[in-house]
Amino acid sequence: MGRSAGNMRVLLAVVIAVIMGACASIGRIEGGPRDETPPVFIRSNPAPAQKNVKGNRMDIFFNENIQIKDITSKVVVSPAQEQMPTIIAGGHRLSVQLRDTMIPNTTYTIDFGDAISDLNEGNILDGFAMEFSTGDTIDTLRISGMILEARTLEPAQGMLVGVHSNLSDTAIRTIKLERIARTNQLGQFTIRGMKAGEYRVYALNDVNRDYKWNRGEDIAFYDVVVSPTVNDIIVTDSLRSSAGNDSIVNRPGVEYLPNDIFMTWFNEDYAAQYLKNNNRIDSTKIELIMATECDSLPTLTIVKGPLEGTVLDSTNTVLETSLKQDSIVYWITDPNIYSRDTLMVATRYLKSDSTDNLSWVTDTLKFNFRRPKAKVEKKKKEEEDTVPPPIPLLEIKFGEGTSQELHRPMTFKAATPVVSINHDLVIMEQKIDTNWVKVETPTIATDPGLNRPCNFVAQYEWEPGGIYRLTIDSMAVTGIYGPYNKKISREFTVRKLDDYSTLTFKLATDSIANDSIETEDVKYVVELLSQSDAPIATAPVEGNQAYFAFLNEGTYYARAFVDRNGNGKWDTGNVSELIQPEEVFYYPKKIELKRNWDVSQSWNLFELPVDEQKPLAIKKNKPKTSANDRQNEEDNENNEDDEWDTDFIPGSQYNDAHKNGQGNTNNFNRNTNNSNRNTLSNRR
C-alpha cells in the first residue's frame, strides 16, 4: 500500500504539472478554426471622449492578449509631441504615457494606425484611435483620404499626414502641423479631433521629426482648402440569426466629410549644389564631383607657377561628363600642363547658399600626381641600342557580343577620346553562303549623348539574320595622346525579324471613349515596364495609340502618364509653385509576349480606381493581410494569367492561335476583394 500510495502521489504531481503548464501557455489550442478577428476594445481610463482629463497616462483594455509594433513609425499623437510617448503592451492592457506637458483646453488624439494586433495570430486592429480633452469641450470632426506615391502608385505606408489652419503657402515650411495622423498599409489616413474651420492638408516623410517640410523630404499637398463637417445618416447592416437567416437592420449613424481626399507624394529632387570632391585620376585627367546635376559647368584657371592665368578649356582639354553632369572629367591635352606634378586651379562654380539660391563661388584646388619611380634594370649597352621601346596602342572594345540587335547601332568605346577615324581602314563584310563579301562601310561617329568623347556608334541598316564582320585596321583610329589602335575584328549575327514582338496600346478614357485623346488637348506617354517595375521602353500616344516594336519574348507591365509640358518624360511636382506631379496610370495586368507576336491591347485609363490599377505582382508595398485575403489575392493573380482583352493582328502566330480556339479573351476581373479594397468612406 505504501508503494502504491507513493506512485499515486507521483502521478498526481505529473498531472498537476501538465495542467499548470497548459494554463501558463498562451498559445492557440490546435484543431479549432483559425482566429481571424482583430482585438476588440473593452474599456479605457480615461474613457473615450472624456473631458477635463488631468493626467498624462491612459490604460486601454482589449478582449485578448495584444501586441504593438513599429511604435515610432505608426503611432502619432495630436497635438504633435516633441517627445515620443512611452507605450507598453502587456496581456490585455495597453499603457500610454505622454511625456510632453499637457496643454489646457485641448483635444488629444492618440492614433495607433495599424500598430496593434492580437498576440497569437497577428490580426491587425486597423484605424484604432483614442480621444480625450483637457478642457470642457472636445473637438470631434475628422477628415479621411488616401496617399499613393506619384511615380509608382505604391501605397504610402506610415507617412505623416497633417493639417494647417494657417492657409499661407509657407506655413508648411515654418509652422508645425496642427493635427496629425499616419497612413496605414493601404495608404489610408484619418485625421481626428479637428475643429470647424478651413484647412490645408499635407503629407510628409518627416525625416527629422520637426513636423515641418524641408525641401529634400517627400511631400504631398491637397489642392483644395477643406472644411470638415459631419452629417447624420442611416446605416444599413446585415445580421444573421443563429438559424442562419439574414435580416436587414437600419440604424442611425454619422458621416465625416471630406472622406475622399486623394494625394500623391513626390520629391522635388532637390539637392544643395556644392563641390563634393575633386581628384587627379592620373597625370592627364582631373575630376570634379558635384553634389547634384550641373546646369552650368565650372570654369578652371591655373594659378601660381609659370602657367598662371591659363584657362582649362577646349584648346587644351577634352571634356567628359556623366549623364547628369554631376561628374566632370577634364582630359588634359597640353603636355606643358599634364607634365606638371602639381596644379593649383581656381575653380569657379555655382553653389547653393542658405536660402537655396545658386551663386558663383571660387575655390582654389590643389591637384597632385605622384609619378611612379622608374625601374632600374641592368642591360647591356648593345641591347639598349638595338631594342626599341614598346609603342603604346589605343585600346578599343566593342560594346556587344556576337549577337546584334536589328534596330540598334553597333557600339564601341575607346580608352581615350579620339582625334580622328580613317574610314578607309574600316571594312564591313557580310557572309553570303560561305564567302565573306565586302559591303558598304558604316560611318562611325561619337555617341550622340552629351560629352561622351570615348563612346562611338556605327549606324547601319542591318539585314535581318545576316552575318557580318567588322574590321578596324591598325592605325585607323588616333587618340588624343597620339597612339593608334591595333587591328581588331568582330564577327556577329543580326537577330531575325521574327525574333521580336510588337505591342500596341489603344488608349481610351471615360470622357473620350474611342476618340483620339488629342481632341482633349491632353498628351500621354506610355512606359513599358520590366517585372521589377523599371521602364525599358517609352512611346508617345499618337492618334490614341502607343506603339512598341522590337520587343523580346517575356513578361511586361505598363504605365502611362499625362505629359503636361510635352517634354516626353515624367515630371515631379513643385510645392512653392503649387505644381502637382504628372498623373500616372497603370495597366492592371501583366502582358506575356512570345516571338513573332503582334499584340494590340485596349486600355481605358479610368476603368479602375487608381488604387486598384497596379498589379500585385510588381507592387512593392504589399499590405499584410489575413490568410483568407492572401489566398484570394493569389487566386486573382492566377486568374489574370489567362485573361486577355486583346486584338489579334492578321498574319501573326498569335492570330492563328486565336482562330484555332487557343487564344483566350476576357473582360477585366471585377471580383473585388472587399477586405482589401481601398474604400475611403468605410475607414474608421
Side-chain angles (χ1 to χ4, degrees), residues 281-286 312-321 329-339 369 371-372 374-375 377 379 383-405 408-432 435-463 466-494:
I281 300 173
D282 58 36
S283 63
T284 62
K285 287 181 287 184
I286 61 176
L312 299 183
D313 55 20
S314 59
T315 64
N316 49 36
T317 64
V318 174
L319 190 67
E320 181 178 15
T321 68
V329 175
Y330 297 85
W331 296 77
I332 304 171
T333 58
D334 187 342
N336 293 320
I337 300 176
Y338 65 66
S339 62
F369 177 69
R371 300 179 187 277
K375 294 182 180 180
E377 298 182 2
K379 295 184 178 181
E383 293 177 337
E384 293 177 355
D385 293 338
T386 58
V387 179
I391 299 175
L393 296 175
L394 178 62
E395 183 181 7
I396 297 177
K397 292 183 179 180
F398 287 107
E400 299 180 18
T402 59
S403 179
Q404 173 65 42
E405 296 291 343
R408 294 177 182 167
M410 180 187 299
T411 62
F412 63 89
K413 184 175 182 178
T416 70
V418 169
V419 173
S420 63
I421 299 176
N422 185 350
H423 285 84
D424 293 336
L425 298 178
V426 179
I427 300 172
M428 178 76 84
E429 299 170 287
Q430 184 175 0
K431 196 171 188 178
I432 307 298
N435 299 319
W436 287 104
V437 179
K438 188 175 180 180
V439 295
E440 182 182 359
T441 300
T443 299
I444 300 175
T446 54
D447 192 321
L450 181 65
N451 294 328
R452 310 290 285 174
C454 299
N455 296 60
F456 294 83
V457 296
Q459 299 283 357
Y460 205 78
E461 292 187 10
W462 309 110
E463 180 180 318
I467 301 174
Y468 292 85
R469 182 167 64 193
L470 178 66
T471 302
I472 302 178
D473 210 345
S474 59
M475 304 181 70
V477 183
T478 306
I480 60 173
Y481 300 117
Y484 299 98
N485 66 292
K486 67 177 180 180
K487 183 178 180 179
I488 58 173
S489 184
R490 179 197 173 204
E491 185 177 323
F492 54 93
T493 302
V494 179

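Since we're looking at a predicted model, the values are computed, not measured.
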### Query
Which distance, rounded to the nearest 0.5 Å, do you find between the CZ of Phe369 and the OG1 of Thr284?
8.0 Å
### Query
Is any side-chain heavy atom of Ile281 closer than 4.5 Å to a side-chain heavy atom of Ile286?
no
### Task
Sequence neighbours left out, what passes salt bridge (Lys or Arg N to Asp or Glu O under 4.0 Å) with Glu491? Give chain and number order.
none
### Query
Could you state the interatomic distance from NZ (Lys397) to OG1 (Thr411), rounded to the nearest 0.5 Å?
13.0 Å
#### Entry: salt bridge (Lys or Arg N to Asp or Glu O under 4.0 Å) partners for Glu463, two or more places apart
none
#### Entry: Residues forming a ring pair (Phe, Tyr, Trp, His ring centres under 6.0 Å) with Phe492, sequence neighbours excluded
Trp462, Tyr468
### Query
side chain to side chain contact (heavy atoms under 4.5 Å, CB included) between Phe398 and Met410: does it pass, once the steps are laid out?
CA-CA 8 Å; Phe398 287 107; Met410 180 187 299; 3.8 Å; yes
### Message
For Lys438, give me all partners under salt bridge (Lys or Arg N to Asp or Glu O under 4.0 Å), at least two apart in sequence or on another chain.
### Response
none
## Note on the structure
Closest non-hydrogen atoms of Ser283 and Tyr338, given as atom of the first, atom of the second and distance, are O-CB, 3.1 Å
### Task
For the pair Ile467 and Trp436, evaluate side chain to side chain contact (heavy atoms under 4.5 Å, CB included) and give the outcome as yes or no after the intermediate values.
CA-CA 9 Å; Ile467 301 174; Trp436 287 104; 3.8 Å; yes
### Task
Indicate the atoms forming the closest heavy-atom contact of Asp313 with Thr317, along with that distance.
O-OG1, 2.7 Å
### Query
How about Phe412 and Arg490: do any of their side-chain heavy atoms sit closer than 4.5 Å?
no
#### Entry: Separation of Leu394 CG from Asn485 CG (nearest 0.5 Å)
6.0 Å
### Query
Would the number of heavy atoms belonging to other residues, nucleotides or ligands and lying under 6.0 Å from OH of Tyr484 be above 12?
no
### Message
Ignoring hydrogens, what is the shortest heavy-atom contact between Val437 and Ile432? Give both atom names and the distance.
### Response
CG2-CG1, 3.8 Å
Show which side-chain atoms of residues 415-424 pair as donor or acceptor with protein atoms under 3.5 Å away, not counting sequence neighbours.
| from | atom 1 | to | atom 2 | distance (Å) |
| --- | --- | --- | --- | --- |
| Asn422 | OD1 | Asp424 | N | 3.0 |
| His423 | NE2 | Ile444 | N | 2.9 |

### Message
For the backbone of Gln459 and the side chain of Arg408, can you confirm whether one donor and one acceptor N or O come within less than 3.5 Å of each other?
### Response
no
Side-chain donor-acceptor contacts of residues 469-483 below 3.5 Å, not counting sequence neighbours, with atom names and distances?
| from | atom 1 | to | atom 2 | distance (Å) |
| --- | --- | --- | --- | --- |
| Arg469 | NE | Glu429 | OE1 | 2.9 |
| Arg469 | NH2 | Glu429 | OE1 | 3.0 |
| Arg469 | NH2 | Glu429 | OE2 | 3.4 |
| Thr471 | OG1 | Ser489 | OG | 3.2 |
| Tyr481 | OH | Ile332 | O | 2.9 |

### Query
Is any side-chain heavy atom of Lys413 less than 4.5 Å from a side-chain heavy atom of Phe456?
no
### Query
Going by distance alone, is a donor N or O of one side chain under 3.5 Å from an acceptor N or O of the other, for Trp331 and Glu320?
yes
